[in-house]
Amino acid sequence: MRVLTIFGTRPEAIKLAPVVRAFAAADGIIHATCVTGQHRQMLDSVLEVFELTPEYDLDIMKPGQDLTHVTTAVLEGVGRVIDDFKPDWVVVQGDTTTAFAGALAAFYRKVKVAHVEAGLRTGNIHSPWPEEMNRRMVGQLAAVHFPPTQIAADNLRREGVREDDLLVTGNTVIDALQWVAGRLDGARSFADKFPFLDPDRRLILVTGHRRENFDGGLERVCQALAQIGRRGDVQIVYPVHLNPNVQRTAQAVLADCDSVHLIEPQDYLPFVYLMRQAYLIVTDSGGVQEEAPGLGKPVLVTRDTTERPEAIAAGTARLIGTSSEALITSASELLDDANAYAAMAQAKNPFGDGQAAGRIVKRLLQGQAA
Ligand code: UD1
Ligand code: UDP
């Protein structure tokens with residue numbers, strides 16, 4: 001069986017790395033990886049960490065690219081790769097434009113699509129935008145669906161996906177996190193990478209990059225961070241996504257704030273180190289919402305919707321929107337009220353057990369979903 005795995009951005013690379021490694025180790029599979037290069041530096045950093053060398057690299061990224069460029073370049077480029085490699089299956093992950101256009105390219109060549117992290121829904125096609133629609137469209141194109149949780153599987157069942165065509169696997173991000181955690185425990189500490197960290201101040205780790213927050217949401221979040229930073233007992237570390245819209249806003253509002261450290265996007269190992277050091281995480285990232293609960297870190301989700309209700313139900317994440325007041329109020333509560341903090345800082349893992357990649361490979365080998 002010939003399998004082509006396609007990804008293009010940082011989160012897809014992290015979440016598919018364990019799957020690629022499992023394909024490479026499996027008997028009976030001839031596997032190739034195609035990276036679209038929707039991201040460049042942030043993708044290459046993950047390839048290096050997980051020691052992956054793609055067979056195909058479309059290298060499509062342009063500074064400030066729009067969705068039409070990404071869609072058309074991936075559609076054309078993946079089509080050519082499929083013609084060359086002739087896979088029986090194409091594997092895509094999640095909700096990016098690489099995932100959608102890669103799945104469409106496969107469909108146009110009558111190649112079966114397997115969708116990893118299928119079935120997550122907010123119910124609002126504008127939030128996250130364009131990811132909710134991307135994920136739904138991949139779901140329409142896929143022959144087999146790998147929802148990470150029962151909630152995601154139920155979404156697919158409600159949309160008419162047959163039981164034979166889905167398998168609940170857990171999220172492969174937990175596989176990736178466990179792989180990295182093993183290396184963090186054994187390897188050198190990353191403390192020397194962050195000499196500016198003050199052991200006497202609590203660390204608030206921040207990420208933010210969603211397109212629907214460019215229209216004021218990210219700016220309000222940054223304004224709230226500037227105010228929270230004025231407390232004497234915290235330090236804020238924000239690895240700023242390379243998207244120019246994010247860079248512009250973060251730099252404009254936060255560059256001159258003493259307790260706020262704007263740093264480059266981090267390689268996965270040091271980022272996991274920072275999550276472990278954090279007292280509190282503020283994020284609109286999908287992946288971070290999935291990783292933080294297992295680390296026992298409270299997460300304030302700066303979005304109006306989430307397709308990951310499991311973390312909210314587990315009590316480790318709170319959906320707060322993007323008003324400055326909401327972030328200041330929630331962060332202050334968690335900083336000042338030990339009981340409120342303890343209630344959220346419970347290590348729970350609703351997203352998986354670290355065995356997802358093996359389940360995906362086994363299921364494709366069984367071929368039952370064809
Ligand atoms: C993309 C995904 C989003 C995912 C996010 C993860 C879509 C539509 N969006 O959004 O779902 O959550 O990745 O981070 O698929 N850039 C660089 N170097 C990099 C990466 C990005 O310079 O390594 C800059 C470039 O100027 C690029 C811009 O960021 O044009 C936007 O990248 P793009 O992939 O289009 O959008 P993201 O906001 O990263
Ligand atoms: N991440 C990272 N370095 C950083 C910020 C995030 O390695 O500086 C990791 C994070 O642990 C998670 C993934 O990147 O696994 C999330 O990617 P991102 O937030 O870009 O995308 P999303 O998950 O929102 O699609």
Side-chain angles (χ1 to χ4, degrees), residues 7-18 35-50 59-71 73-74 92-102 117 120 128-135 137-138 171-177 179-181 190 193-194 205-214 218 237-248 262-276 278 281 283-292 294-295 297 299 301-303 306-308 351:
F7 52 89
T9 65
R10 171 172 67 191
E12 296 166 270
I14 291 170
K15 290 172 171 181
L16 283 175
V35 296
T36 64
Q38 176 176 338
H39 283 176
R40 193 68 274 168
Q41 305 91 318
M42 288 160 57
L43 171 72
D44 292 344
S45 138
V46 182
L47 295 176
E48 200 177 310
V49 171
F50 287 94
D59 199 21
I60 67 153
M61 196 194 87
K62 292 202 288 198
Q65 63 201 2
D66 65 16
L67 295 171
T68 305
H69 162 70
V70 178
T71 307
V74 171
V92 297
Q93 195 280 342
D95 60 5
T96 67
T97 295
T98 281
F100 163 58
E117 202 187 74
L120 282 65
W129 181 83
E131 288 83 3
E132 170 81 359
M133 184 52 89
N134 279 344
R135 200 188 301 269
M137 292 191 291
V138 178
N171 198 306
T172 56
V173 80
I174 306 300
D175 303 33
L177 193 57
W179 194 85
V180 159
F190 281 90
K193 203 172 159 33
F194 307 105
L205 179 64
V206 179
T207 78
H209 68 83
R210 302 237 77 87
R211 273 177 164 76
E212 67 275 11
N213 285 348
F214 292 168
L218 182 60
V237 175
Y238 182 174
V240 186
H241 192 289
L242 295 178
N243 191 317
N245 296 301
V246 182
Q247 290 277 338
R248 210 175 299 120
L262 299 180
I263 61 175
E264 305 257 294
Q266 295 297 299
D267 292 343
Y268 193 43
L269 263 84
F271 187 75
V272 174
Y273 172 83
L274 285 174
M275 284 197 288
R276 284 182 168 187
I281 298 177
T283 192
D284 63 17
S285 160
V288 176
Q289 284 178 68
E290 292 155 344
E291 293 163 335
L295 302 171
K297 304 297 176 178
V299 184
V301 181
T302 48
R303 296 175 48 176
T306 181
E307 59 285 76
R308 293 164 171 94
F351 291 107

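Note that ligands are numbered from 1 as they come in the structure, with each ligand's atoms numbered from 1 the same way. Given the structure is predicted, the values throughout are model-derived calculations rather than measurements.
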Polar atom proximity, G287 to ligand 2 (N or O, under 3.5 Å):
yes
Shortest protein heavy-atom distance from atom 13 (C) of ligand 2, along with the residue and atom involved
I14 CD1, 3.8 Å
Of the protein's non-hydrogen atoms, which lies at the shortest distance from atom 21 (C) of ligand 1, and what is that distance?
H39 CD2, 3.6 Å
Min over E12, M42, R40, M61 of heavy-atom distance to atom 16 (N) of ligand 1 lands on M61
Non-hydrogen side-chain atoms of Y268 and V46 separated by less than 4.5 Å
no
Of all protein heavy atoms, the one nearest atom 25 (O) of ligand 2 is P11 CG, 3.4 Å
Please work out whether the ring planes of F190 and Y273 are parallel, tilted or perpendicular, with thresholds of 30° and 60°.
tilted
For atom 8 (O) of ligand 2, what's the nearest protein heavy-atom neighbour? Residue, atom name and distance, please.
Q266 N, 2.8 Å
Ligand 1 versus P130: contacting region, heavy-atom distance under 4.0 Å
side chain
Please compare D284, I14, T97, V70 and report which has the shortest non-hydrogen distance to atom 15 (O) of ligand 1.
T97
Proximity to ligand 1 by part of T9, non-hydrogen separation under 4.0 Å:
side chain
For I60, does its backbone N or O pair with a side-chain atom of H69 as donor and acceptor, under 3.5 Å?
yes
So for L67 against ligand 1, with non-hydrogen atoms under 4.0 Å, the contacting part is side chain
Starting from atom 4 (C) of ligand 1, find the nearest protein heavy-atom neighbour and note its residue, name and distance.
H209 CE1, 3.8 Å
Residue part near ligand 1, for H241, under 4.0 Å between non-hydrogen atoms:
side chain
Within-cut-off N or O pair, E291 and ligand 2, under 3.5 Å:
yes
Nitrogen or oxygen atoms of R10 and ligand 2 under 3.5 Å apart
yes
N/O donor-acceptor pair under 3.5 Å between N134 side chain and D95 backbone:
yes
Identify, for atom 1 (N) of ligand 2, the protein heavy atom at the shortest distance, and state residue, atom and that distance.
F271 CD2, 3.6 Å
Can you tell me if R210 uses its side chain to pair, donor with acceptor, with the backbone of T302 under 3.5 Å?
no
Looking only at N/O atoms, are D267 and ligand 2 under 3.5 Å apart anywhere?
no
Is a side-chain N or O of D284 found less than 3.5 angstrom from the main chain of H209, in a donor-acceptor match?
yes
Closest to atom 24 (C) of ligand 1 among protein heavy atoms sits L242 O, 3.5 Å
Test item: E12 side-chain N/O and G8 main-chain N/O as donor-acceptor pair under 3.5 Å:
yes
Among G37, P11, A99, G64, which one has a heavy atom closest to atom 26 (O) of ligand 1?
G64
Distance-only N or O hit between ligand 1 and Q41, under 3.5 Å:
yes
Judged by heavy atoms only, the candidate from K62, E131, H69, Q247 nearest atom 30 (O) of ligand 1 is K62
If you scan protein heavy atoms around atom 34 (O) of ligand 1, the nearest is Q38 NE2, 3.0 Å
Closest candidate by heavy atom, reference atom 22 (P) of ligand 2, pool P265, G208, G286:
G286
What's the shortest distance from atom 29 (O) of ligand 1 to any protein heavy atom, and which residue and atom give it?
N243 CA, 3.1 Å
Should K15 be counted as touching ligand 2, given the test is an N or O pair under 3.5 Å?
no
Distance from atom 36 (O) of ligand 1 to nearest protein heavy atom, with residue and atom
R211 NH1, 3.1 Å
Can you check whether R210 has an N/O within less than 3.5 Å of an N/O in ligand 2?
yes
Which atom pair, heavy atoms only, marks the closest approach of S45 to D267?
OG-OD1, 2.8 Å
Would you check if the side chain of Q266 reaches a backbone N or O of E264 as a donor-acceptor pair within less than 3.5 Å?
yes
Name the option, out of M133, R210, Q65, that contains the heavy atom nearest to atom 33 (P) of ligand 1.
Q65
Under the 3.5 angstrom rule, does the side chain of T96 hit a backbone N or O of A99 as a donor-acceptor pair?
yes
Any nitrogen or oxygen of T207, side chain or backbone, less than 3.5 Å from one on ligand 2?
no
If we ignore hydrogens and angles and just use 3.5 Å, is the side chain of K297 paired with the main-chain N or O of I281 as donor and acceptor?
no
T71 side chain to L67 main-chain N or O, any donor-acceptor pair under 3.5 Å?
yes
Side-chain (Q65) to main-chain (Q38) donor-acceptor, under 3.5 angstrom
yes
Report the nearest protein non-hydrogen atom to atom 19 (O) of ligand 2: residue, atom name, distance rounded to 0.1 Å.
S285 OG, 2.8 Å
Hey, does M42 sit under 4.0 Å from ligand 2 if you only count heavy atoms?
no
Taking the side chain as every heavy atom from C-beta outward, state whether L177 and V272 have any atom pair closer than 4.5 Å.
yes
